Engineer: 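For reference, the structure I am asking about is given below.
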Amino acid sequence: CKVIENTLGNKPNVVVLGSGWGAISLLQNIDARKYNVTMVSPRNYFLFTPLLPSTPVGTVDEKSIIEPVVNFALKKKGNISYYEAKATSINTERKTVTIQAVSTVAQLAQPDNHLGLNQNDEAEIKYDYLVSAVGAEPNTFGIPGVQEHGNFLKEIPHSLEIRKRFLSNIEKANLLPKGDPERKRLLTIVVVGGGPTGVETAGELQDYIDQDLKRFMPSVAEEVQIHLVEALPVVLNMFERKLTSYAQDVLQKTSIKVHLRTAVSKVEKDHLIAKTKAEDGAVTEQTIPYGTLIWATGNKPLSIVTDLFKKIPQQNESRRGLAVNSNMLVKGTNDIFAIGDNAFSGLPPTAQVAHQQAEYLAKVFAKMAKNPNFHAELAKRTEKVDLFFEEQGIKPFDYIHYGALAYLGAEKAIANITYGKRSFYTGGGVLTFYVWRVLYAMMILSARSRYKVIADWFKLAIFKRDCFKEL
Ligand code: FAD
Ligand code: NAD
């Protein structure tokens, strides 16, 4: 297959896999005049995941929370190429990445350089340094039926699928008489996983029912029942207990039924089996018929990453992600970095972590570029690579935790805003909801997207949600 090597300006080639929090934050910060930067991702836009739970019901439009990769690239000076393609294999011995299903190639510094690739051709891109930021994928824990019948919420197409299913169930239920068990089933939504994705999604769906559906289908709206199923004794486990019990109260008051200590063990087309373990250890089993099932139980590594576990001896024991050292270098290599959800460093898989790791890595690349012998010396170094970075004055990554926020529905949110060990704000309620909105608007990575999200919020206050089955 064709091997692509970027030789422009005789600079090291940095190939970045992904277009999410890690990859795009790195693109924004790396000095592309010192490196040839090649981005590879099948998704040609960045997705602002914190507002994804707002999109299935149209609180915020899907297009408001995405930004094309090329918009970020065009803001940079230097040599940047973007391949809209999926990386299928990292070939450590050849220092290449195999890519497949290329649909667009944007070589911003060499727009006329035709690569002669057809859409389904496989090609290999040569790297001097690889940055893996491919994220992770929803974990079903092998529970039967989840993949076939559940809806995930990780990407934009998931949001569209949830909306379509939820709204077509409402339409079907509306044609059935009250008291029909099929009507009840269609109007039952089960959200599995009481982490922030599950809680925020349940809250947004309930908002749509209470604020919009109630106005034009009141009898259907009052029959919709959302169940939130969580295996642990609390929802939003990462927050302090005072906030989690406040969150549970808000959810119950908005009529979401919270099932704690309850794990879903099997999913069928129209019902699921859940087992509840009481404090005394007694287990009870229940069957919950559902119309819509949203599966939000966390993520697992992608196959491109688990394949790499096998190729690098020091990664053979890795399970949750590529084990990285304090410079974000994949242990057992001297040329592969990993950031974000596909890296395992003991930090939680959050946007906050991915963003900071990317900013840090851009600084590492800047420091590396200052020493003309750095690249040649690092390439020779197969052992004690950490020491080499230290000798070059490169400081380890230091994560600063700014806290956590979660939307609960009914214009209430919880927040725990910190800096290091100091807590500046801990609270829940309507005021926190506005704090949540301001902070999320500030976190958005592009001005266009920020403008669109704020406009969606203003529009919502006047015209309610745009929630159409086919759009
Ligand atoms: P991602 O952002 O997932 O990006 C991965 C990228 O890799 C994507 O562009 C994908 O298309 C690409 N890719 C996948 N496979 C390949 C391949 N084979 N080849 C090339 N490219 C590939 N975190 C917070 O801190 N705060 C929040 O409020 C928050 N809210 C969230 C809400 C939801 C609904 C979800 C799902 C997550 C949320 N998170 C939040 C977590 C956060 O989104 C992730 O931790 C973050 O996206 C990780 O960044 P990443 O770059 O590692 O992965
Ligand atoms: P998560 O891993 O945080 O939560 C998944 C939940 O599902 C866990 O509480 C787990 O106990 C439960 N679970 C697992 N299997 C189950 C089963 N069979 N039955 C019932 N419950 C089961 O996943 P998430 O909410 O998707 O979050 C993923 C990452 O993204 C986390 O790091 C999170 O912090 C981050 N995130 C943050 C925000 C925010 O800050 N507002 C929002 C969304 C996601």
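Just follow the structure's listing: the first ligand is 1, and inside any ligand the first atom is 1. In this text the structure is predicted, and so the values were computed from the model without any measurement.
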Engineer: Closest non-hydrogen protein atom to atom 8 (C) of ligand 2, residue and atom name please, with distance?
Structural biologist: E230 OE1, 3.5 Å
Engineer: According to the interplanar angle, ranging from 0 to 90°, do the rings of Y35 and Y129 count as parallel (below 30°), tilted (30 to 60°) or perpendicular (above 60°)?
Structural biologist: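 Ring orientation, 0 to 90° scale: perpendicular.
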Engineer: Check ligand 1 against P349 and write out every atom of the ligand that is under 4.0 Å from a heavy-atom position of the residue.
Structural biologist: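 Counting from 1, the qualifying ligand atoms are 41 (C), 45 (O).
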Engineer: The test is side chain to side chain contact (heavy atoms under 4.5 Å, CB included); show your working for S159 and L153 and say whether it passes.
Structural biologist: CA-CA 6 Å; S159 169; L153 186 60; 4.1 Å; yes
Engineer: When you measure from the heavy atoms of T262 to every atom of ligand 2, does any distance fall below 4.0 Å?
Structural biologist: yes
Engineer: Hey, looking at atom 20 (C) of ligand 1, which of V16, V40, L302 has the closest heavy atom?
Structural biologist: V40
Engineer: Any N/O of I304 closer than 3.5 Å to an N/O of ligand 1?
Structural biologist: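 In fact, backbone or side chain, I304 has no N or O that close.
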Engineer: Give the intermediate values and the outcome of side chain to side chain contact (heavy atoms under 4.5 Å, CB included) for residues V267 and L293.
Structural biologist: CA-CA 9 Å; V267 174; L293 169 66; 3.6 Å; yes
Engineer: On a heavy-atom basis, I'd like to know which of G340, P50, A23 is closest to atom 26 (N) of ligand 1.
Structural biologist: P50
Engineer: Numbering the atoms of ligand 1 from 1, which are under 4.0 Å from a heavy atom of L153?
Structural biologist: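 So the atoms of ligand 1 that pass are 34 (C), 36 (C).
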Engineer: Identify which of V234, D341, T297, L405 has a heavy atom lying nearest to atom 15 (N) of ligand 2.
Structural biologist: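 The nearest heavy atom belongs to T297.
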Engineer: Does ligand 2 have an atom under 4.0 Å from some heavy atom of P50?
Structural biologist: no
Engineer: Which residue owns the protein heavy atom closest to atom 27 (O) of ligand 2, what's the atom, and how far is it?
Structural biologist: T197 OG1, 3.8 Å
Engineer: Do the rings of Y440 and W436 sit parallel, tilted or perpendicular, given the 30° and 60° boundaries?
Structural biologist: tilted
Engineer: Would you please classify the geometry between the Y208 ring and the F166 ring as parallel, tilted or perpendicular, with 30° and 60° separating the classes?
Structural biologist: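 Perpendicular.
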Engineer: Which ligand 1 atoms, with their elements, are less than 4.0 angstrom from a heavy-atom of A133?
Structural biologist: 5 (C), 6 (C), 7 (O)
Engineer: For atom 21 (N) of ligand 2, what's the nearest protein heavy-atom neighbour? Residue, atom name and distance, please.
Structural biologist: A231 N, 3.2 Å
Engineer: Taking it one step at a time, do K459 and D466 satisfy side chain to side chain contact (heavy atoms under 4.5 Å, CB included)?
Structural biologist: CA-CA 10 Å; K459 195 220 77 186; D466 285 341; 3.4 Å; yes
Engineer: Considering the heavy atoms of S19, write down every atom of ligand 1 situated less than 4.0 Å from one of them.
Structural biologist: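 Here the atoms of ligand 1 in question are 6 (C), 7 (O), 8 (C), 9 (O).
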Engineer: Please could you name the atoms of ligand 1 that T350 approaches to less than 4.0 Å, counting only its heavy atoms?
Structural biologist: 23 (N), 24 (C), 25 (O), 44 (C), 45 (O)
Engineer: Using distance alone, decide if ligand 1 has a nitrogen or oxygen within less than 3.5 Å of any nitrogen or oxygen in D341.
Structural biologist: yes
Engineer: I'd like to know if K311 and E93 make a salt bridge, using a cut-off of under 4.0 Å between side-chain N and carboxylate O.
Structural biologist: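 Looking at E93 together with K311, the answer is no, because their closest N to O distance does not fall below 4.0 Å.
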Engineer: Taking it one step at a time, do N44 and T104 satisfy side chain to side chain contact (heavy atoms under 4.5 Å, CB included)?
Structural biologist: CA-CA 9 Å; N44 65 11; T104 308; 5.6 Å; no
Engineer: Does Q352, backbone or side chain, put an N or O under 3.5 Å from an N or O of ligand 1?
Structural biologist: yes
Engineer: Determine the interplanar angle of the Y402 and Y419 rings, folded into 0 to 90°, and report it as parallel if under 30°, tilted if 30 to 60°, perpendicular if over 60°.
Structural biologist: tilted
Engineer: Which residue and non-hydrogen atom of the protein lie closest to atom 42 (C) of ligand 2, and at what distance in Å?
Structural biologist: P196 CB, 3.2 Å
Engineer: Could you identify the single nearest non-hydrogen protein atom to atom 32 (C) of ligand 1 and state the distance to 0.1 Å?
Structural biologist: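 Sorting protein heavy atoms by distance from atom 32 (C) of ligand 1 puts T49 O, 3.2 Å first.
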Engineer: Could you tell me whether P53 and ligand 1 have an N or O pair separated by under 3.5 Å?
Structural biologist: no
Engineer: I need the contact type for F46 against ligand 1. Using non-hydrogen atoms and a strict under-4.0 Å cut-off, is it side chain, backbone, both or neither?
Structural biologist: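 For F46, there is no contact with ligand 1 at all, from either part.
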